[in-house]
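Please read the structure below before turning to the comments.
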Protein chains: 2
Amino acid sequence: MINKSTEILKNSGLSVTAGRKSILDLFIASGNALAHQDIESGCSEQFDRVTIYRTLQTFLDKGIIHSIPATDSIIRYALCNETCTTTGHHHDNHIHFRCEQCSKTLCLDEVSIPIVKLPDGYMMHEINMVVTGICKSCR
Amino acid sequence: MINKSTEILKNSGLSVTAGRKSILDLFIASGNALAHQDIESGCSEQFDRVTIYRTLQTFLDKGIIHSIPATDSIIRYALCNETCTTTGHHHDNHIHFRCEQCSKTLCLDEVSIPIVKLPDGYMMHEINMVVTGICKSCR
DNA sequence: ACAACTTTTGCAACAAAGTTGCATTCTTGA
DNA sequence: TCAAGAATGCAACTTTGTTGCAAAAGTTGT
């Protein structure tokens, strides 16, 4: 296996194409979460918008990336770390941080989401926590 | 003061218009969070899409409603409870629940967001927690 | 209750984001 | 290497969100 992106694709049973590798490389290179737009403008080669939508959806389905909600209606995606290899829906147990200054969104892998007790009758499936504030490099 | 929606508007220093009252009434009537689309189709009278966007923005600014992030890129809004009357940005301290069956989004006012400790160098401003699962009425 | 003033609304025209079907091109496994 | 299946690009379209401006409200003081 030549490089990491190829490896990830093979491990997920996906065919290795220029687009997928390029998008994965972008995720690996950038330490933070990426929105569709970031990917469209950040890829080394130019790919069709539709291809990017479909690629992101595929990656989501395979559990290669996870989506991060935000109040600005822009969904960002980040690489799942190695431990979550389950295909399909999976739980990310870390919190996400969005910096109000540099507006980067990061996974804080070291901070895990605390357990909350739901009222009687509610069943929890997934949990998502996003903190906004000022990040380490912006202080 | 005739009814609740009028009261809320006056308290926030907003002029009372049919559109605003209608949208507020909808929020009061429906127990769950509403997306733009829900409001457009749910109002008694028909209002222009632009009016709804602007009204929601105004309500946000005044702290009448708060927005709830989600991983489906649809932002939903919910009435702020009486205790949070601060104009402008404010922190909701409760978690949000999205039911995967009926796909309603609710504020769980009784469950407050637990405190998390961020890594050194990070400053917290706002915090948001969304749980998905099955709600009480769908079991 | 009315006139003057300020806000809000609706419309039109855009811009951006996301979706679908289909023909072409690329990957993969034998 | 080649056939079968998967991924891509394109076109056309729908949905979502934004801006400027004129018309229609709402508000305030008298």
Side-chain angles (χ1 to χ4, degrees), chain A residues 1-3 5-26 33-62 64-65 67-77 87 103, chain B residues 1-3 5-26 33-62 64-65 67-77 87 103:
Chain A
M1 305 229 175
I2 303 108
N3 56 13
S5 48
T6 307
E7 188 185 335
I8 294 175
L9 289 172
K10 294 230 171 187
N11 284 343
S12 305
L14 294 172
S15 40
V16 179
T17 67
R20 287 176 178 169
K21 275 180 35 170
S22 191
I23 293 176
L24 263 184
D25 284 339
L26 196 61
L34 301 173
H36 176 99
Q37 181 58 53
D38 301 325
I39 296 166
E40 203 172 331
S41 57
C43 266
S44 40
E45 310 169 52
Q46 196 71 14
F47 296 102
D48 195 84
R49 235 152 38 80
V50 178
T51 301
I52 297 174
Y53 282 117
R54 291 196 270 226
T55 304
L56 289 174
Q57 189 55 55
T58 305
F59 287 178
L60 273 182
D61 292 344
K62 294 292 182 179
I64 298 174
I65 57 175
S67 62
I68 303 169
T71 37
D72 64 355
S73 95
I74 296 176
I75 295 191
R76 274 160 262 261
Y77 305 90
T87 286
S103 67
Chain B
M1 305 229 178
I2 301 109
N3 57 13
S5 48
T6 307
E7 188 187 334
I8 294 175
L9 290 172
K10 294 232 171 185
N11 283 344
S12 304
L14 294 173
S15 38
V16 179
T17 67
R20 288 176 178 170
K21 274 179 39 170
S22 191
I23 293 176
L24 263 184
D25 284 339
L26 195 63
L34 301 173
H36 177 98
Q37 180 58 53
D38 302 325
I39 295 166
E40 202 172 331
S41 57
C43 267
S44 39
E45 312 168 53
Q46 196 71 14
F47 296 101
D48 195 84
R49 233 152 39 81
V50 178
T51 303
I52 297 175
Y53 282 116
R54 290 196 271 226
T55 303
L56 288 174
Q57 189 54 57
T58 306
F59 286 179
L60 273 181
D61 292 344
K62 293 291 183 178
I64 298 174
I65 58 176
S67 62
I68 304 168
T71 38
D72 64 355
S73 94
I74 297 176
I75 295 189
R76 275 159 262 263
Y77 305 89
T87 287
S103 68

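From a predicted model like this one, the values you see are computed outputs, not experimental measurements. In what follows, every chain begins at residue 1, and chains take the letters A, B, ... in the order their sequences are listed.
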Between CG of A:Asp48 and P of C:dT20 the distance, given in whole Å, is 15 Å

A:Gln37 side chain, from C-beta outward: closest of D:dT16, D:dA11, C:dA17: C:dA17

Is there side-chain contact between A:Arg76 and A:His36, with heavy atoms separated by less than 4.5 Å? no

Look at the side chain of B:Thr51 and the backbone N and O of B:Phe47, then say whether any donor-acceptor pair between them is shorter than 3.5 Å. no

Between A:Ser22 and A:Ser44, do the side chains contain an N or O donor and an N or O acceptor separated by less than 3.5 Å? yes

For the pair made of CG in B:Asp72 and C1' in C:dA17, what is the distance, rounded to whole Å? 14 Å

What I'd like to find out is whether the side chain of A:Tyr53 reaches to under 4.5 Å of the side chain of A:Arg49, using heavy atoms alone. yes

Find which nucleotide of DNA chain C each of B:Gln46 and B:Arg49 is nearest to by heavy atoms, and output the residue with the more 5' nucleotide. B:Gln46

Rounded to whole Å, how long is the line connecting atom CD1 of A:Ile75 with atom C1' of C:dA16? 15 Å

Is there side-chain contact between B:Leu34 and B:Tyr77, with heavy atoms separated by less than 4.5 Å? no

Does the A:Arg20 side chain pair with the main chain of A:Ser15, one donor and one acceptor, at a distance under 3.5 Å? yes

Please tabulate the protein-to-nucleotide N/O contacts below 3.5 Å involving nucleotides 25-30 of chain C, giving atom names and distances.
from, atom 1, to, atom 2, distance (Å)
C:dT28, OP1, A:Val16, N, 2.8

When rounded to whole Å, the NE2 to P distance for the pair B:His36 and D:dT18 reads 10 Å

Bend angle of the helix from C:dA1-D:dT30 to C:dA30-D:dT1 from five-pair axes at both ends, rounded to 10°? 50°

Test A:Leu56 against every option in A:Ile64, A:Ile39, A:Ile75 by the side-chain contact (heavy atoms from CB on, under 4.5 Å) rule and name the one that passes. A:Ile39

Test for a donor-acceptor pair under 3.5 Å between the base of C:dG18 and the side chain of A:Arg54, counting only N and O atoms. no

What I want to check is whether the side chains of A:Asp61 and A:Thr58 have a donor and an acceptor closer together than 3.5 Å. no

Distance check needed: D:dT8 P versus A:Gln57 CD, whole Å only. 14 Å

Pairwise side-chain contact, A:Ile52 with A:Asp48, heavy-atom cut-off 4.5 Å (strictly under): no

Closest to side chain of A:Thr55, choosing from D:dT19, C:dT19, D:dT8: D:dT8

Closest to the side chain of B:Tyr53, out of C:dT8, D:dT18, D:dT8, is D:dT18

Residue whose closest nucleotide on DNA chain D lies nearer the 5' end, B:Ser73 versus A:Arg20: A:Arg20

Rounding to an integer number of Å, can you tell me how far B:Arg76 CZ sits from D:dT16 P? 12 Å

Mind calculating the distance between CD1 (A:Ile74) and P (D:dT16) to the nearest angstrom? 16 Å

Send over the distance from B:Ile52 CD1 to D:dT18 P, rounded to a whole Å. 14 Å

